[in-house]
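See below for the structure under consideration.
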Number of protein chains: 2
Amino acid sequence: MDLDERKLKILQAIIRNYLETGEPVGSRTISKYTDLNLSSATIRNEMADLEELGYILQPHTSAGRIPSDKGYRLYVDTMMQDKERQVDEKMDMLLEKEDKIDNLLKQVAKVLATNTNYATMISAPQVHRNKIKFIQLSKVDDLHILAVIVIEGNMIRNSILNVPEAIDDETMLKLNMLLNTNLNGMAVEEINLGIISALKQQAGIHSDLIGNIIDAFGESIQPDNDLEIYTSGTNNFLKYPELADHEKASELLNTFEEKENLSELVQESLAGESETGIQVYIGNETPIQSMKDCSVVTATYDLGDGMKGTVGIIGPKRMDYDKVVGTLKTIMHQLDDLYKK
Amino acid sequence: MDLDERKLKILQAIIRNYLETGEPVGSRTISKYTDLNLSSATIRNEMADLEELGYILQPHTSAGRIPSDKGYRLYVDTMMQDKERQVDEKMDMLLEKEDKIDNLLKQVAKVLATNTNYATMISAPQVHRNKIKFIQLSKVDDLHILAVIVIEGNMIRNSILNVPEAIDDETMLKLNMLLNTNLNGMAVEEINLGIISALKQQAGIHSDLIGNIIDAFGESIQPDNDLEIYTSGTNNFLKYPELADHEKASELLNTFEEKENLSELVQESLAGESETGIQVYIGNETPIQSMKDCSVVTATYDLGDGMKGTVGIIGPKRMDYDKVVGTLKTIMHQLDDLYKK
DNA sequence: TGTTAGCACTCAATCAATTGGAGTGCTAAC
DNA sequence: GTTAGCACTCCAATTGATTGAGTGCTAACA
């Protein structure tokens, strides 16, 4: 048995209808809803076939049909309409240029959440492959020195280092020179043991300090330490009955609070990047356990200078995929417009 | 009519019972629950009095009684037992020393949430009255300079400034000297127009740049900009039926997401500080609209160097006040132990 | 052979009626 | 002042009947 034209049309109608109403869809509805001019009985036959093929399922006998994960997948892959243009008009400029990238990201998360009525997350750019632009050590007081690193894209990391004894200004200057001449222009992850030991050697009696500093760099830049994730619209979960019961909602809220879990999603999404940069995970396809009953749409943003990160929209499986994808694309374009130049 | 010894005992019993069970308390229960050896009928008479006085109320005729806000207030003010010692034993060391204060605060929020099963929030210390310890301007590239300020308590602020044209190293050095000699040791808020214009004058042709820098300080240090708030355990709201319905839970989640609202609570709590540092807001007493059906317990922490902030625990009105207050006190002591030295 | 009308059947959802029980207020007796 | 007892109230849970949307199947039709 195969999916002929008509079955596709019916499946599409079922899904469209279900996305709108959230209620199982019956044969009579489809019979009227489509322009196929078929009786409900015929539809019923076709629906029985579609069910056998696994595209739709019945919550219980004598109920209408709802799409299965397989059904959604087919829809997303082949039937979605590009709503981008329509969306575009409505929200032609929602983002404001922000100096601090964190604030921009928070803004994106919020705008997306209010526009889609789903929960959103956005990861701060991964620093992988990002070049060190500038390093500065300064003496704060006798026992503390401040290390500041500026990375390409003007992201700033800093940490306070404890030193066992005071360091005089001259040494300080030398260390600064040493670090800058050796490390500028390097990607953070390129700093390997060889380079470190070379640096230590050059530092002479201060090799311990160099060690400390490098360690501090490593720590402040390690992916999991660094992977800041902002979320918004978590209360939207409560709007969808299929997610709103205590058990599920609680788990979801927890996932959004313990952001470590979300980072899995970020990794996954960055790894499996598609041409458009947009990916859809339906139900069990998501890498995160607590989202089994959700669908997740992710996009990769790129602010230039290798500052890439992931945006995600998390909602019920019956989310408005067309709108979500459209909105994401729009926002991505706006980000491009704001930052690419 | 007055609150004699017996009425107090009965009221206390009602509240205790209700805190445990969450169900309206009947006269028979109290009759057995207390060591007063009174029949249910007598209790009923007393309860009628207590209701008339406004300490308890009936959800409907022929139901038991629940405490009113006034009742809770009396309980909190005069009947609470100090559970600190008991709590202390159970959680003798939950906090680990953290270098970065943000991480410590997040940790506190999380520990409190998991220990109490309520939602928690904690504000980063206000920088008011905090002295500037160290200022450093560095040239990142021709058009950008990096300004870093270290404040007493090793809190770091930084921002990237745009400059119209390149500045040579010598000028840079001078500017650094100028800023450090003039501003070190000052509280941020002490920097007034007089000082600024004096600085500008000394800077000569670079007075514009000084202006920029000062502005940037101001911005990065402004209370509302600075008032970072961390939250945890928001999913706990769903555990309490009286807060778990969509409407209320959604509002609460929203309040916790839009952290601006929470800052009201921080202000209020810092303002009305009590001797113990702990304050209890019951129902309508809270400054935040969406928490009308909640109680809020706040404490002020002090990490030394004027680094004060507010911790808050938000739960249903029938929260376990004794435990919450005890836990808060314990954590405050631990913070003291870790940081006061 | 595909389509349709018709019919019996299923099952969740809804509503009304019933019941049980927890709790009250009041009165009369101790 | 306290208590036993009783009538009363009202919620909550149970039951049963009803409804209606939807199905599968069969037989007739084009």
Side-chain angles (χ1 to χ4, degrees), chain A residues 1-11 13-18 20-68 71 241-242 245, chain B residues 1-11 13-18 20-68 71 241-242 245:
Chain A
M1 187 160 35
D2 218 17
L3 275 183
D4 54 28
E5 184 78 12
R6 196 170 74 177
K7 282 197 174 57
L8 279 175
K9 267 200 170 173
I10 292 174
L11 178 57
I14 293 173
I15 296 180
R16 286 261 160 73
N17 204 285
Y18 185 68
E20 267 178 38
T21 65
E23 308 254 293
V25 188
S27 53
R28 239 182 82 84
T29 315
I30 297 300
S31 160
K32 282 187 283 182
Y33 194 75
T34 60
D35 53 356
L36 290 168
N37 280 326
L38 293 173
S39 76
S40 61
T42 312
I43 304 288
R44 276 202 290 284
N45 289 329
E46 295 289 49
M47 277 162 84
D49 290 353
L50 283 170
E51 182 164 8
E52 206 178 326
L53 289 166
Y55 292 102
I56 53 179
L57 35 87
Q58 255 180 318
H60 52 83
T61 29
S62 92
R65 307 302 214 287
I66 63 175
S68 68
E242 61 264 52
D245 74 290
Chain B
M1 186 161 39
D2 220 15
L3 276 183
D4 54 28
E5 184 76 15
R6 197 170 73 178
K7 281 198 174 56
L8 278 175
K9 266 199 170 172
I10 293 173
L11 178 57
I14 293 174
I15 295 180
R16 285 262 160 74
N17 204 286
Y18 184 68
E20 268 178 38
T21 65
E23 308 256 294
V25 187
S27 54
R28 241 181 80 84
T29 314
I30 297 300
S31 160
K32 281 187 282 181
Y33 194 74
T34 60
D35 53 356
L36 290 169
N37 280 329
L38 292 174
S39 76
S40 62
T42 313
I43 303 289
R44 275 204 288 285
N45 289 329
E46 295 289 48
M47 278 164 85
D49 290 354
L50 282 170
E51 183 166 8
E52 205 177 328
L53 288 165
Y55 291 103
I56 54 179
L57 36 86
Q58 256 179 320
H60 52 82
T61 30
S62 93
R65 306 303 215 285
I66 63 175
S68 68
E242 61 264 53
D245 74 290

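Chain letters run A, B, ... following the sequence lines, proteins first and then strands; every chain starts at 1. Computed from a predicted structure; not experimentally measured.
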Note, B:Met47 side chain near B:Ile14 side chain (heavy atom, < 4.5 Å):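 The answer is yes; the side chains approach within 4.5 Å.
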From [options], pick the nucleotide closest to the side chain of [X]?
X       : options               : result
A:Leu38 : C:dG25, C:dT10, C:dT4 : C:dT4
B:Ser39 : D:dT3, D:dG22, D:dT23 : D:dT3
A:Asn45 : D:dA4, C:dT4, C:dG25  : C:dT4
B:Arg6  : C:dT24, D:dT2, D:dG22 : D:dT2

Is the side chain of [X] donor-acceptor paired with the backbone N or O of [Y] at a distance under 3.5 Å, no angle test?
X       : Y       : result
A:Ser68 : A:Gly54 : yes
B:Ser31 : B:Leu38 : yes
A:Gln58 : A:Ala63 : yes

Nucleotide forming a Watson-Crick or wobble pair with C:dT19, both distances under 3.5 Å: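 Matched C:dT19 with D:dA12 under the 3.5 Å cut-off.
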Under 3.5 Å on both distances, the Watson-Crick or G-U partner of D:dA7: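 C:dT24 is the nucleotide pairing with D:dA7.
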Base D:dG5 to side chain B:Arg44, donor-acceptor N/O within 3.5 Å cut-off: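 Per atom types, the contact qualifies.
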Nearest whole Å is fine: how far is [N] [atom2] from [X] [atom1]?
X       : N      : atom1 : atom2 : result
B:Lys32 : D:dT3  : NZ    : P     : 16 Å
B:Ile56 : C:dG23 : CD1   : C1'   : 13 Å
A:Glu52 : D:dT23 : CD    : P     : 16 Å

Touch class at under 4.0 angstrom, heavy-atom based, for A:Thr42 against every strand present: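 Touches a base.
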Touch class at under 4.0 angstrom, heavy-atom based, for A:Ala63 against every strand present: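 It contacts sugar-phosphate atoms only.
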A:Arg65 or B:Ser62, whichever maps to the more 5' nucleotide of DNA chain D: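 Taking each residue's closest nucleotide, the earlier one in sequence belongs to B:Ser62.
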